[in-house]
Amino acid sequence: MDGPIKLTSTRVVGNRRQIYISPAAEKIISDLPPRSVDVVSVVGPMRKGKSHQANLLCKKKSGFPLGDELTSKTKDFWFWIGPHPVQSDRYLMVVDTEGLGDYSDEEQKDKDMKNLVLATLLSNHLVFNLQGNADSGFLSNLRLMGDLADCIRVQKDGSDEGNNLGEHFPELWVAIQDVHLKLPQTNGRRLTPDEYLDDMLKPKDGHTKAVRSHNDMTAAVKAFFPKRHLRLIPTPSGEPDVLSNLDKVQDGDLKKDYKDAVDNFTREIWNSGQVKRVKGDDIKTTGLLHIMQYYVNAINDPNAMPSVLGAYEAMAEGECRRASEEQIKTFQQTAEKTVKPLMPTDEATCNSKIRAAMENAVTKLSADVGKWDKGGTWKKSLQGKLEKERLALISLNSAKSKDLCEKIIKEVDQPIRQKVGRGVYNRIGGFNTYVRDTDAVYSAYRQKASGKGPAVEKVLETFRTTETTRRNTIKDTDNKLVAEDLRKQEAKAAAERAAEKERLARAEAARAEAERAAEAAKRRAAEEEAKRQAAEAEAARQAQRAAEERERRHRKKKKFLGIF
């Protein structure tokens, strides 16, 4: 933090003064890594140097606003938190409270008591800052302490009536500033400041109302603050200008005994080794917010009373809730880094990674808040929430697997879809080609989708269903084309047979015709031959007749001649 900011603010609600924790303070504290906190609260009358004391405890000269007027500069609670000056494993938180006012004013007394109660319950070091001398009069400033038992309980049900508060209250440091008198001596030895405080807290003799009031107050202070100290701080300077500008003056302007006293006082608190604890448990930054909120709510409630163990329960529950939420967040971050980058992957690998992160989260929760989660309620709750996270991651893995596998199957099937669109398979034998192509698709898909999660087979099965429809369509088309081709071939064969038959018939007719023609020709030839032969016979006969005629004529002639 660069400088102190408001820790609380007040508002009047329904005629009641209500205390609220500043959202900015909540954010600052909750953003810090969970470490133990040394909480030092500074209380006391206004205009007595509380804010200056708070600055010194922060190891700073300035920060908490100082005032040089009669009115109080600090309203409500302011705080600063940062690395502890001497203990590296914790934080130092310094709280500067609104100054205590006029105790005769009942409204002011109620306000002061609430502030004192809250400061006491938040702290492990309570610095009661006073001014003046360490005489008997300074005890009157502690009288509010005696009323703490009326405002705080140990047990949540209030059955203890304020008993045993001292076991849970902070270490009290009464710091008296601007002291210029020395402490008295006893038996020749000067009392130490702590001895002097105890001497001042001894009961007085007598039975008057004032004595009884004094004794009740001192008894209460001793009972409530078994660890108590008195520290005397001399005046810083005799110069009024220095006293009114302590946050601006140089160290050389301050008295050495003052600087030594302040240095010793702050180092005593820093080196005490104490941190804020409740019921023996160290309170970390996150737990401090829980008990702070509990105490504020209890102080604001007219029907409630803040209790130490009630705060412990609130802190335990708040820490369990914080640890559970933190482990859920850590689990989610682990899933983002180690599980989601693998997606999609096979379910066994995914589950193994998730369950390892789940077991780690549950183990860390048990280590962190197991001492408060006695019944394992928060552990079971975390396991239930982690199981929902696991199922969501498994579902996400399945969804990513499905998306990727559908993309792969679409990619490897694209050439076939294009061929289908172009009608490549709409031919005889196209189905066999399609089967070979789809076998190649299945082979390519299995190769590319291998190890890509639980949807590999589901997507393939879905594809098979849609592909079967396409396959059957192509097969039906192929069968129809084959049938159509067969019909065409059969028609062609029938036509060829008919043509052949017709050809044969024509050939037969031609043959018959040829035979008839041949027969006719034969007959004509025979007739011609017969005619020829007849003609030849006729000619022969005529020749014979002619010869015979000639012979007859010759004989006749010869005869004729013979006559002559």
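Everything numeric in this text was worked out from a predicted model, so none of it was measured.
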Practice task
With rounding to the nearest 0.5 Å, note down the distance linking CG in Leu289 to CD in Glu26.
Solution key: 6.0 Å
Practice task
Verify the neighbour count for atom NZ of Lys329: are there more than 12 heavy atoms of other residues, nucleotides or ligands below 6.0 Å?
Solution key: no
Exercise for the section: Please report the C-alpha distance between Leu57 and Val42 in whole Å, then the side-chain angles of each, then the deciding distance to 0.1 Å, and finally whether the side-chain contact (heavy atoms from CB on, under 4.5 Å) criterion is met. Expected result: CA-CA 10 Å; Leu57 288 164; Val42 184; 3.8 Å; yes
Exercise for the section: Keeping the roles fixed (side chain from Ser123, backbone from Ala119), state whether a donor-acceptor pair exists under 3.5 Å. Expected result: yes
Practice task
Taking Asn397 for its side chain and Thr345 for its backbone only, find out whether a donor-acceptor pair lies under 3.5 Å.
Solution key: yes
Distance-only donor-acceptor hits, side chain of residues 349-360, under 3.5 Å, sequence neighbours excluded:
unit_1	atom_1	unit_2	atom_2	d
Thr349	OG1	Asp346	OD1	2.8
Thr349	OG1	Asp346	OD2	2.9
Asn351	OD1	Arg390	NH1	2.8

Exercise for the section: Would you mind checking if Lys419 and Asp437 are paired as a salt bridge, meaning a charged N to carboxylate O distance below 4.0 Å? Expected result: yes
Fill in the blank from the handout: By side chain to side chain contact (heavy atoms under 4.5 Å, CB included), Ala24 pairs with (sequence neighbours left out) Ile5, Ser22
Handout entry: Distance-minimising heavy-atom pair for Gln155 and Ser307
Key = O-CB, 3.3 Å
Problem - Shortest non-hydrogen separation from Asn124 to Lys276 and the atoms involved - result: OD1-N, 3.2 Å
Practice task
Return each pair, listed once, that meets ring-ring contact (aromatic ring centres under 6.0 Å, His included) where at least one residue sits in residues 452-493; pairs must be two or more places apart or across chains.
Solution key: Tyr442-Phe463
Practice task
Report yes or no: do Glu317 and His290 form a side-chain donor-acceptor pair below 3.5 Å?
Solution key: no
Problem - Note, Leu121 side chain near His168 side chain (heavy atom, < 4.5 Å) - result: no
Handout entry: Glu389/Lys385 ion pair, N-O < 4.0 Å
Key = no
Handout entry: Pairs satisfying ring-ring contact (aromatic ring centres under 6.0 Å, His included), at least one member in residues 324-367, at least two apart
Key = none
Practice task
Decide whether a cation-pi geometry holds between Arg35 and Tyr91; the criteria are a distance under 6.0 Å from NZ or CZ to the six-membered ring centre and an angle within 45° of the ring axis.
Solution key: yes
Practice task
Would you mind reporting whether Thr433 and Tyr425 have side-chain heavy atoms less than 4.5 Å apart?
Solution key: yes
Practice task
Could you tell me the separation between the CH2 atom of Trp173 and the NZ atom of Lys227, rounded to the nearest 0.5 Å?
Solution key: 10.5 Å
Exercise for the section: Answer yes or no: are there more than 12 heavy-atom neighbours, outside Lys114 itself, under 6.0 Å from its atom NZ? Expected result: yes
Practice task
Indicate yes or no for a side-chain donor-acceptor contact from Thr465 to the backbone of Glu461 under 3.5 Å, with no hydrogens or angles considered.
Solution key: yes
Practice task
Not counting sequence neighbours, list each pair that qualifies as a ring-ring contact (aromatic ring centres under 6.0 Å, His included) and has a residue in residues 374-408.
Solution key: none
Exercise for the section: Report the C-alpha distance between Asn55 and Trp80 in whole Å, list the side-chain angles of each, state the deciding distance to 0.1 Å, and finish with yes or no for side-chain hydrogen bond (donor to acceptor under 3.5 Å, both in side chains). Expected result: CA-CA 9 Å; Asn55 284 331; Trp80 174 90; over 6 Å; no
Handout entry: Rounded distance [0.5 Å steps], CD in Gln53 versus CG in Leu56
Key = 5.5 Å
Problem - Under the salt bridge (charged side-chain N to carboxylate O under 4.0 Å, His left out) test, residues paired with Glu347 that sit two or more places apart - result: none
Exercise for the section: Please test Thr473 against Tyr434 for side-chain hydrogen bond (donor to acceptor under 3.5 Å, both in side chains), starting from the C-alpha separation and ending with a verdict. Expected result: CA-CA 11 Å; Thr473 300; Tyr434 172 79; over 6 Å; no
Fill in the blank from the handout: Between Lys379 and Leu365, the two heavy atoms sitting closest are CA-CD2, 3.7 Å
Completion exercise
Ser51 and Asp96 have their tightest heavy-atom pair at OG-OD2, 2.5 Å
Handout entry: Atom pair CD (Gln274) and OG (Ser36), whose distance is rounded to the nearest 0.5 Å
Key = 12.5 Å
Handout entry: Main-chain N/O of Thr330 paired with Thr334 side-chain donor or acceptor, under 3.5 Å
Key = yes
Exercise for the section: Return the set of residues passing side chain to side chain contact (heavy atoms under 4.5 Å, CB included) with Pro83 (not counting sequence neighbours), or none when no residue passes. Expected result: none
Practice task
Quick one: pull up CD in Glu313 and CD1 in Ile291 and give me the separation to the nearest 0.5 Å.
Solution key: 13.5 Å
Exercise for the section: Would you mind checking if Arg417 and Asp413 are paired as a salt bridge, meaning a charged N to carboxylate O distance below 4.0 Å? Expected result: yes
Practice task
Look at Glu326 together with Arg322 and state whether they make a salt bridge at an N to O cut-off of under 4.0 Å.
Solution key: yes
Exercise for the section: Kindly indicate, with the supporting measurements, whether the criterion side-chain contact (heavy atoms from CB on, under 4.5 Å) is fulfilled by Leu460 and Arg446. Expected result: CA-CA 9 Å; Leu460 186 58; Arg446 289 192 178 279; 3.1 Å; yes
Exercise for the section: Answer yes when Lys284 and Glu319 have at least one side-chain N-carboxylate O distance shorter than 4.0 Å, and no when they do not. Expected result: no
Exercise for the section: State, to 0.1 Å, how close Pro226 and Ala223 come at their nearest heavy-atom pair, and which atoms those are. Expected result: CD-O, 3.7 Å
Handout entry: Mutual orientation of the aromatic rings belonging to Phe169 and Phe225 [parallel < 30°, tilted 30-60°, perpendicular > 60°]
Key = tilted
Exercise for the section: State plainly whether the residues Lys448 and Glu411 are in salt-bridge range, i.e. N to O under 4.0 Å. Expected result: yes
Practice task
Could you grab the distance from atom CD of Gln333 to atom CD1 of Ile328, nearest 0.5 Å is fine?
Solution key: 12.0 Å
Practice task
Determine yes or no for a side-chain-to-main-chain donor-acceptor pair under 3.5 angstrom, with Ser443 supplying the side chain and Asp439 the backbone.
Solution key: no
Practice task
Please list, chain by chain and in numerical order, all residues satisfying side chain to side chain donor-acceptor pair (under 3.5 Å) with Glu336, sequence neighbours excluded.
Solution key: Lys340
Fill in the blank from the handout: Across all chains, not counting sequence neighbours, the ring pair (Phe, Tyr, Trp, His ring centres under 6.0 Å) partners of Tyr295 are none
Handout entry: CD/Gln418: more than 12 non-hydrogen atoms of other groups inside 6.0 Å
Key = yes
Handout entry: Which residues share a side chain to side chain contact (heavy atoms under 4.5 Å, CB included) with Lys279, sequence neighbours left out
Key = Leu309, Tyr312
Exercise for the section: Provide the closest heavy-atom pair for Ser398 versus Pro454 in the form atom of the first, atom of the second, distance. Expected result: OG-CG, 3.5 Å
Handout entry: Contacts of Thr8 that satisfy side chain to side chain contact (heavy atoms under 4.5 Å, CB included) - sequence neighbours left out
Key = Ile19, Asp76, Phe77, Leu118
Problem - Short N-O contact, Arg267 and Asp263, less than 4.0 angstrom - result: yes
Problem - Short side-chain to backbone donor-acceptor contact, Asp478 and Gly429, under 3.5 Å - result: yes
Just distance, no hydrogens or angles: give the donor-acceptor pairs under 3.5 Å from side chains in residues 486-496, sequence neighbours left out.
unit_1	atom_1	unit_2	atom_2	d
Arg487	NE	Glu484	OE1	3.4
Arg487	NH2	Glu484	OE1	2.3
Gln489	NE2	Asp485	OD2	2.5

Practice task
Using modelled atom types only, decide if a donor and an acceptor are shared between the side chain of Ser272 and the backbone of Ile269 within a distance under 3.5 Å.
Solution key: yes
Practice task
Look at Asp282 together with Arg277 and state whether they make a salt bridge at an N to O cut-off of under 4.0 Å.
Solution key: yes
